K.L.:
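Got a structure for you, questions after.
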Amino acid sequence: MEAEKSVDLPVIVAIDGPAASGKSSVARRLAADLGFLHVNTGAMYRAFTWQVLQNGIDPRDTDAVSALLETTQFGLDVGGDTAVILINGVDPGGALQEAVVAANVSTIAANPDVRSRLVAEQRALGEARSVVMEGRDIGTVVFPATPHKFFIDARPEIRQARREAQGLVDSIHDRDRQDTSRKADPLRPAEGAEIIDTSDHDLEAVLAIVKERLAAQGLPF
Ligand code: CDP
């Protein structure tokens, strides 16, 4: 990883948006270019969903899910450029992208107990070091005070096509509906976020827009 550049620490760049909008690619590249840690909070919700399913628990059984949460340890391996989520010391790896995880993650993510636990873990990370953190509620809930907020979007048919091109089975329409309509921390652009529609832009073009704004805000590009 590149050495951290001389900015006041820690700096939080918040990148939110719906499924397959391109936010992960932007967040990963931006983190590498800034020398910050990349944190994909979706991977945390996916990892706990995997844990729920491994334990044979129905994701809709909120009491059982909350009880499992009490006995689950979340760890982060921050040795590389991207934080790797560990559940009771185990990296679920490729299981995070499985169709069954994708089909159940929004149900788990709607559970307020799960959200408050993961939000606390995310805040602790961002308080310790500069991060580019991506998710659904980073600018609205996790770090509302950061001035560096982006909402990455794309037309639904483009997002579905991007996910299929990755060879993944994922009903992004259902997840979007659940993520925007839930009571706890629904997906919506944060106040002050720059909204970028990536439908007709490639990654480099989106990065240029993001970096231009961050530079205007005083970050070193
Ligand atoms: O990468 P993709 O856009 O497919 O989704 P993800 O970032 O891996 O997130 C998976 C799911 O986790 C989302 O559909 C949300 O239900 C949930 N999530 C959330 O509620 N809050 C976050 N900060 C991040 C993800």
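In listed order, ligands and their atoms are each counted from 1. If you're wondering where the values come from, they're calculated on a predicted model, not measured in any experiment.
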K.L.:
Check whether any side-chain heavy atom of L76 lies under 4.5 Å from a side-chain heavy atom of L125, and answer yes or no.
P.N.:
yes

K.L.:
For R163, counting its heavy atoms only, list the atoms of ligand 1 lying under 4.0 Å from any of them.
P.N.:
1 (O), 2 (P), 4 (O)

K.L.:
For the pair R155 and D200, find out whether any cationic side-chain nitrogen is under 4.0 Å from an anionic carboxylate oxygen.
P.N.:
yes

K.L.:
K23 heavy atoms, cut-off 4.0 Å: which ligand 1 atoms fall inside?
P.N.:
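The atoms of ligand 1 under 4.0 Å from a heavy atom of K23 are 2 (P), 3 (O), 7 (O).
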
K.L.:
Could you list the atoms of ligand 1 found under 4.0 angstrom from a heavy atom of R46?
P.N.:
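Matching atoms, with element in brackets: 2 (P), 4 (O), 5 (O), 6 (P), 8 (O), 10 (C).
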
K.L.:
Measuring from non-hydrogen atoms of R115 to any atom of ligand 1, is the shortest distance under 4.0 Å?
P.N.:
yes

K.L.:
Go through the structure and list residues passing side chain to side chain donor-acceptor pair (under 3.5 Å) with Q97, not counting sequence neighbours.
P.N.:
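Partners of Q97 under the side chain to side chain donor-acceptor pair (under 3.5 Å) test: none.
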
K.L.:
Check contact between E134 and ligand 1, using heavy atoms of the residue and a distance below 4.0 angstrom.
P.N.:
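Contact absent.
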
K.L.:
Check each atom of ligand 1 against the heavy atoms of T41 and keep those under 4.0 Å away; list them by number with element.
P.N.:
22 (C), 23 (N), 24 (C)

K.L.:
I need the atoms of ligand 1 closer than 4.0 Å to a non-hydrogen atom of S106, numbered in the order shown.
P.N.:
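In order of number, 14 (O), 16 (O).
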
K.L.:
Have R163 and Q166 got a donor and an acceptor in their side chains that come within less than 3.5 Å?
P.N.:
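A pair is found: one side chain offers a donor N or O, the other an acceptor, under 3.5 Å apart.
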
K.L.:
If we set the cut-off at 4.0 Å for heavy atoms, which region of M133 has an atom near ligand 1: side chain, backbone, both, or neither?
P.N.:
neither

K.L.:
Can you list the atoms of ligand 1 that are under 4.0 Å from a heavy atom of D179?
P.N.:
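Those qualifying, in numeric order: 13 (C), 14 (O), 15 (C), 16 (O).
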
K.L.:
Do you know which two heavy atoms are closest between P10 and S130, and how far apart they sit?
P.N.:
CA-OG, 3.4 Å

K.L.:
What heavy-atom pair brings S24 and E134 nearest, and what distance separates the two atoms?
P.N.:
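Nearest pair, atom of S24 first, then E134: OG-OE1, 2.8 Å.
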
K.L.:
Is there a side chain to side chain contact (heavy atoms under 4.5 Å, CB included) between F48 and V65? Walk through the geometry before answering.
P.N.:
CA-CA 9 Å; F48 184 59; V65 168; 3.7 Å; yes

K.L.:
Does any N or O atom in A20 lie less than 3.5 angstrom from one in ligand 1, N or O only?
P.N.:
yes

K.L.:
Enumerate the atoms of ligand 1 whose separation from the nearest heavy atom of A109 is less than 4.0 angstrom.
P.N.:
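Checking each atom against A109, I get 16 (O), 17 (C), 20 (O).
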
K.L.:
Among all the protein's non-hydrogen atoms, which is closest to atom 10 (C) of ligand 1, and how far away is it?
P.N.:
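Residue, atom and distance for the closest contact: R175 NH1, 3.4 Å.
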
K.L.:
Where is the tightest heavy-atom contact between F143 and K149, given as atom of each residue plus distance?
P.N.:
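Nearest pair, atom of F143 first, then K149: O-CE, 4.2 Å.
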
K.L.:
Which option, N40, V105, D137, owns the non-hydrogen atom nearest atom 23 (N) of ligand 1?
P.N.:
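Result: the heavy atom closest to atom 23 (N) of ligand 1 is in D137.
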
K.L.:
Looking only at heavy atoms, which two atoms of S106 and R175 are closest? And how far apart?
P.N.:
OG-CG, 3.3 Å

K.L.:
Could you find the nearest protein heavy atom to atom 7 (O) of ligand 1 and give me its residue, atom name and distance?
P.N.:
R136 NH1, 3.2 Å

